[in-house]
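Both ligands and their constituent atoms are indexed starting at 1 by order of listing.
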Amino acid sequence: MSRRHFLALSGAMAGTTLINPSSPIYASTAETLQPAKKTRIAMVGTGVRGTGMWGRSVVQSYPNYIEFVGLCDINPGRVVLAKETMGVSCPTFTDFEKMMKEAKPEVLIVTTVDNTHDQFIIRGMELGADIIVEKPMTTDEKKMQAIIDAEKRTGKKCRVTFNYRYSPHRVKMWELLRAGEIGELTSVDFHWYLDTSHGADYFRRWHRLVEKSGSLWVHKASHHFDLLNWWIDSDPESVYALGELNFYGKNGPFRAVNCRTCPHTSQCSFYFDIMKNENMKRLYVDNEKYDGYLRDGCVFKNDVDIYDKMAATIRYKNGVQVAYSLTTYSPYEGYRIAFNGTKGRIDAWIEESRPTKDVNFDEIVLFKNFSKRQYIQIPHGTSGHGGGDALLKDQIFVPNTEDPYKQAAGIRDGALACLVGIAARKSIAAGAPVMIESLTSIKPQAKKEYKRV
Ligand SMILES: NC(=O)c1ccc[n+]([C@@H]2O[C@H](COP(=O)([O-])OP(=O)(O)OC[C@H]3O[C@@H](n4cnc5c(N)ncnc54)[C@H](O)[C@@H]3O)[C@@H](O)[C@H]2O)c1
């Protein structure tokens with residue numbers, strides 16, 4: 001039995017619900033593993049994430065459950081290419097309203113640039129669709145509140161795809177914490193390192209502008225804040241942060257607009273020849289004529305206005321305190337984490353960009369006070385993000401899957417992850433701590449709320 005069919009069967013037998021529990025698409029008993037009809041899905045934002053994570057692989061993996069009925073992108077070349085690479089026959093649009101009205105999707109996947117998510121989430125729900133949105137859900141607190149209000153007004157569902165929750169070693173940490181292995185959790189040390197390849201790439205793209213990405217506090221660190229919220233099982237209460245731009249942008253020794261037009265390529269360690277990557281060339285270079293977007297922008301451009309080193313102290317409503325940092329120009333990619341409890345400590349040093357494939361597991365060390373340490377090795381998953389991406393998609397697209405680790409995230413979780421980053425930005429500007437409850441109508445709780453989406 002395949003993993004997908006096992007998930008469907010086990011979930012169905014447990015009588016659990018779907019992405020849209022009120023939808024009549026699927027009956028809720030085990031004999032209806034074949035859906036009565038396929039869910040009609042549309043996508044807005046057909047860039048690399050849309051067409052990769054949510055495109056071709058979804059079309060190929062879930063043909064019994066879903067069908068694409070529309071693709072939309074502001075860039076007319078990219079949306080036509082998406083149709084070809086995804087292998088679908090649905091119509092393409094550059095006008096979102098037109099797509100929603102003509103294609104009438106039941107589910108809308110939102111994979112546009114971060115600062116535009118809110119408009120598609122809200123309008124998509126108003127026009128009758130449930131939403132699947134990539135993190136970060138949005139980039140500021142006003143857009144956040146508008147999304148919260150729209151969900152209440154329309155009664156539609158919004159699922160935020162926190163794929164990091166699905167990596168097997170992170171699930172193991174969640175299990176150890178929930179099992180009380182280190183007693184009561186009191187504090188967490190969490191330090192994330194982006195390397196000079198992946199980290200630098202954020203400074204080449206639209207992510208380098210606060211206006212587009214909300215800064216890496218929101219675009220990137222919201223992944224980490226969501227993990228913290230999920231692991232700690234409580235809501236963040238206050239954030240005090242520091243941040244500076246010390247390495248990229250204005251700090252560079254020279255600069256150009258982009259690598260293809262740069263006179264300094266022979267001296268620059270960050271030279272990136274996009275023309276060597278046929279997929280990127282087709283996705284971005286061939287479509288520059290429509291929107292002027294340069295995927296190989298210079299990492300030292302003067303317009304970079306995000307921080308490249310960040311640190312925050314976060315207090316949770318249940319009293320747990322967190323020391324967090326993000327560095328974006330590290331020689332390796334990965335993170336160090338320690339959970340400190342009244343009866344011990346959980347430690348892990350996860351390298352995500354290992355130089356060799358010899359080590360095919362992640363290791364967690366469990367220290368119990370006055371006892372021997374235990375080494376727990378978790379085999380690497382086979383799909384993206386340590387196997388997490390495939391598990392997340394199974395849970396979303398296969399009917400009746402269970403959620404034993406409470407990984408399915410809705411608007412409240414999506415919001416709280418972003419709000420820590422938004423609070424950090426505001427804290428740096430104000431030079432003072434920022435209370436999460438001052439930002440939106442969400443009131444932080446000592447015990448995290450869980451609602452299956
Ligand atoms: N969970 C993860 O690990 C992960 C990884 C990568 C990206 N993402 C998220 O996925 C989203 C897309 O990122 P990407 O790397 O594919 O970026 P991208 O630049 O490749 O794609 C974004 C697409 O959105 C389109 N777009 C922008 N504004 C639009 C508008 N107003 N209307 C319609 N289309 C519009 C662009 O033309 C582009 O095709 C982002 O929110 C990003 O944070 C998540």
Item to check | Residues forming a side chain to side chain donor-acceptor pair (under 3.5 Å) with E151, sequence neighbours excluded | outcome: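 With neighbours one apart ignored, the set is empty.
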
Any donor-acceptor pair under 3.5 Å linking the side chain of [X] with the backbone of [Y]?
X	Y	result
K38	P63	yes
T85	A82	yes
K135	H219	yes
R204	A200	no

Atoms in ligand 1 flagged as close to [X], the criterion being non-hydrogen separation under 4.0 Å:
X	result
G45	24 (O)
P136	43 (O)
G47	16 (O), 20 (O), 21 (O), 23 (C), 39 (O)

Next on the checklist: Please compare F96, W54, F93, F120 and report which has the shortest non-hydrogen distance to atom 32 (N) of ligand 1.
Outcome noted: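 Checking each option, the heavy atom nearest atom 32 (N) of ligand 1 is found in F120.
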
Does some non-hydrogen atom of [X] fall short of 4.0 Å from ligand 1?
X	result
H117	yes
G52	no
Q119	no

Side-chain donor-acceptor pair present, [X], [Y], cut-off under 3.5 Å:
X	Y	answer
E134	W54	yes
D394	Y62	yes
H117	T138	no

What part of [X] sits under 4.0 Å from ligand 1 if we count only heavy atoms: the side chain, the backbone, both or neither?
X	answer
R49	both
W206	side chain
N163	side chain

[X] to ligand 1: N or O pair under 3.5 Å?
X	result
I74	yes
R78	yes
N75	no

Among all protein non-hydrogen atoms, which one is nearest to [atom], and what is the separation to 0.1 Å?
atom	answer
atom 12 (C) of ligand 1	T111 O, 3.3 Å
atom 20 (O) of ligand 1	Y284 OH, 2.4 Å
atom 27 (C) of ligand 1	V113 CG2, 3.7 Å
atom 41 (O) of ligand 1	D114 OD1, 2.6 Å
atom 11 (C) of ligand 1	T112 O, 3.4 Å
atom 15 (O) of ligand 1	V48 CG1, 3.4 Å
atom 39 (O) of ligand 1	D73 OD2, 2.6 Å
atom 44 (C) of ligand 1	E134 OE1, 3.2 Å

Checklist entry - Which class fits the ring pair Y164 and H224: parallel under 30°, tilted 30 to 60°, perpendicular over 60°? => result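 Ring orientation of Y164 relative to H224: tilted.
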
Item to check | Pairing residues for E126 by the salt bridge (Lys or Arg N to Asp or Glu O under 4.0 Å) criterion, not counting sequence neighbours | outcome: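 Partners of E126 by the salt bridge (Lys or Arg N to Asp or Glu O under 4.0 Å) criterion, ordered by chain and then number, come out as R123, R153.
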
Checklist entry - Can the ring centroids of Y248 and Y202 be said to lie less than 6.0 angstrom from one another? => result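 No, the ring centres sit 6.0 Å or more apart.
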
Item to check | Test side chain to side chain donor-acceptor pair (under 3.5 Å) applied to K309 and T328, N246, T327, the passing residue | outcome: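 Between K309 and the candidates, side chain to side chain donor-acceptor pair (under 3.5 Å) is satisfied uniquely by N246.
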
Checklist entry - Does a side-chain heavy-atom distance below 4.5 Å link V133 with R159? => result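 When only atoms from C-beta onward are counted, R159 and V133 do not touch, as no gap falls below 4.5 Å.
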
